[in-house]
Amino acid sequence: MPSTPKILPRRFFSRETTQVARELLGKLLLHSIDGEQRIGRVVEVEAYLGPADLAAHTSKGLTPRTRAMFGPPGHAYVYLVYGMHTCMNVVTEPAGTGTAILLRALEPVQNLASKTSGPGLLCKAMGITLQDYGRDLCSDDFHFAEDPAAQPFNIVARPRIGVDYAGEWAHKPLRFYMEGNKYVSRK
DNA sequence: AGCGGGATCCAT
DNA sequence: TGGATCCCGCTC
């Protein structure tokens with residue numbers, strides 16, 4: 001019978017980023033907004049490995065924009081891209097490290113009325129906006145949880161999308177997704 | 001104070 | 001393949 005879901009604790013996020021990224025696949029993202037709970041299953045993510053990673057925003061140093069990404073783990077780093085779409089990241093590792101995981105696609109589970117494949121569309125469907133910048137992801141109304149209906153799956157690792165400017169970092173296999181999942185944003 | 005670019009999406 | 005659209009970071 002349904003009971004209180006197992007919310008992922010802060011220590012889950014305070015570990016090596018690619019490990020967290022892989023383990024985040026298959027977990028549920030829950031966001032309560034306007035009295036309704038929206039739920040999606042994480043099927044595609046990208047790891048951004050800190051100041052040394054030329055594709056990571058923190059490679060530009062500490063600025064007002066990157067402050068949250070340099071902050072404590074288990075918080076949201078949300079930003080605007082191309083003037084119109086918001087992207088959501090989960091901050092990882094101890095505060096000051098500057099690492100995070102970009103959420104690229106969800107499989108709809110509950111109350112998701114629009115597309116969830118692609119980082120911008122995912123935020124739109126989940127109701128995530130710039131107002132959520134820096135929010136604690138270990139909150140009652142905004143958190144990740146174990147999936148009670150979890151099924152086994154294989155993980156595919158590929159280069160990240162849209163970071164061709166990042167030199168050798170552009171080629172590293174830091175994009176992870178569920179093999180064969182229909183909601184992954186691109187093959 | 002001004003300028004150019006960007007972890008996207010969609011129509012053509 | 002290109003246009004929309006605007007915040008941020010850098011330069012002047």
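Hydrogens, waters and symmetry mates are skipped; everything else that's a heavy atom, side chains included, is used. Naming: A, B, ... by sequence-line order, numbering from 1 per chain.
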### Message
Both A:K115 and A:I161 contact DNA chain B. Taking the nearest nucleotide for each, which residue is further toward the 5' end?
### Response
A:I161
### Task
Taking only the side-chain nitrogens and oxygens of A:R104, find out if one of them lies under 4.0 Å from OP1 or OP2 of B:dT8.
yes
### Task
Using whole Å, report how far OH of A:Y79 lies from C1' of C:dT5.
16 Å
### Ion pair A:R41/A:E107, N-O distance below 4.0 Å
yes
### Query
Can you find a heavy atom in the side chain of A:H31 that is under 4.5 Å from one in the side chain of A:L29?
no
### Query
Touch check for A:M69, heavy atoms < 4.0 angstrom, all strands: base, sugar-phosphate only, or nothing?
base
### Query
Is the CG atom of A:D141 crowded by more than 12 outside heavy atoms at less than 6.0 Å?
yes
### Query
B:dA7 C1' sits how many Å from A:L121 CG, rounded?
14 Å
### Query
Is the shortest side-chain N/O distance from A:Y165 to OP1 or OP2 of B:dA7 below 4.0 Å?
yes
### Query
Does the side chain of A:Y133 reach to within under 4.5 Å of the side chain of A:R67, using non-hydrogen atoms?
yes
### Task
Grab the CH2-C1' distance between A:W169 and B:dA7 for me, whole Å please.
15 Å
### Query
What is the distance, rounded to the nearest whole Å, between atom CD1 of A:I101 and atom C1' of B:dA7?
14 Å
#### Entry: Nucleotide paired to C:dG3 in any strand shown, Watson-Crick or G-U, under 3.5 Å
B:dC9
### Query
What is the distance from CG of A:L49 to C1' of B:dA7, rounded to the nearest Å?
13 Å
### Query
What is the distance from OH of A:Y177 to P of B:dA7, rounded to the nearest Å?
21 Å
### Message
Distance check, rounded to the nearest 0.5 Å: A:I101 atom CD1 versus A:N89 atom CG?
### Response
9.0 Å
### Task
Could you encode protein contacts along nucleotides 6-12 of chain C as a string, one character per nucleotide from 5' to 3', using B for base contact, S for sugar-phosphate-only contact and - for no contact, with a heavy-atom cut-off of under 4.0 Å?
BSSS---
### Query
More than 12 heavy atoms of other residues, nucleotides or ligands under 6.0 Å from CD of A:Q131: is that the case?
no
### Summary
OG1 (A:T66) and OH (A:Y77) are apart, to the nearest 0.5 Å, by 6.5 Å
